[in-house]
Amino acid sequence: MEQIMEVHYYTRKKCELCEEGKLLLRLLQKEYAFEMIEKDIDSSDELTEKFGLMIPVVEISGEIIQYGRIDLPALEEKLKENLK
């Protein structure tokens, strides 16, 4: 059985860029098989320290793919690469 790719999405409440990015990821989920795991950085001091000013952050296989304003074409390209 093939394992579904996990995309970690780091966000926080009341973040407009985070909401925009989540919509883009949901759009991409219609075309590509991946599970989005959303994590609120405010739930962990470690995550807040690591990603505080970068959010939202998209991470695939431990690699930060994008942060801040999410670029749909670039994100889609990275998803394609990781699904090969």
Does any N or O in the side chain of Thr48 come within less than 3.5 Å of the main-chain N or O of Ile41, such that one atom is a donor and the other an acceptor? yes

Cluster question for you: counting only ILVMFWY and a side-chain heavy-atom cut-off of under 4.5 Å, with indirect links fine, are Met54 and Ile65 together? no

Would you confirm whether Ser44, through its side chain, and Glu46, through its main-chain N or O, come within 3.5 Å as a donor-acceptor pair? yes

Applying ring pair (Phe, Tyr, Trp, His ring centres under 6.0 Å) as the test, list every pair that has at least one member in residues 47-78; sequence neighbours left out. Tyr10-Phe51

Stepwise side chain to side chain contact (heavy atoms under 4.5 Å, CB included) test for Thr11 and Lys39: CA-CA 6 Å; Thr11 67; Lys39 296 183 181 181; over 6 Å; no

Can you spot which of Lys13, Arg12, Lys14 makes a salt bridge (Lys or Arg N to Asp or Glu O under 4.0 Å) with Asp40? Lys13

same_hphob_cluster(Ile64, Leu47) at 4.5 Å side-chain heavy-atom cutoff: yes

What do the steps show when you test Val58 against Leu75 for side chain to side chain contact (heavy atoms under 4.5 Å, CB included), and what is the final call? CA-CA 9 Å; Val58 178; Leu75 182 56; 3.8 Å; yes

From the list Gln29, Glu31, Met5, side chain to side chain contact (heavy atoms under 4.5 Å, CB included) partner of Leu79 resolves to Met5

Is there side-chain contact between Gln66 and Asp71, with at least one heavy-atom pair below 4.5 Å? yes

Under the criterion side chain to side chain contact (heavy atoms under 4.5 Å, CB included), I'd like the reasoning laid out for Leu72 against Leu28: C-alpha separation, chi angles, the key distance, then a yes or no. CA-CA 9 Å; Leu72 183 64; Leu28 290 170; 3.7 Å; yes

Provide the closest heavy-atom pair for Ile55 versus Cys15 in the form atom of the first, atom of the second, distance. CD1-SG, 4.1 Å

Side chain to side chain contact (heavy atoms under 4.5 Å, CB included) between Met36 and Glu6, intermediate numbers included: CA-CA 6 Å; Met36 180 173 58; Glu6 292 181 351; over 6 Å; no

What is the minimum heavy-atom distance between Ser61 and Asn82, and which atoms define it? OG-OD1, 4.1 Å

Could you list the residues that satisfy salt bridge (Lys or Arg N to Asp or Glu O under 4.0 Å) with Glu76, not counting sequence neighbours? none

Looking only at atom types and distance, does a side-chain atom of Tyr9 sit under 3.5 Å from a main-chain N or O of Leu25, one as donor and one as acceptor? no

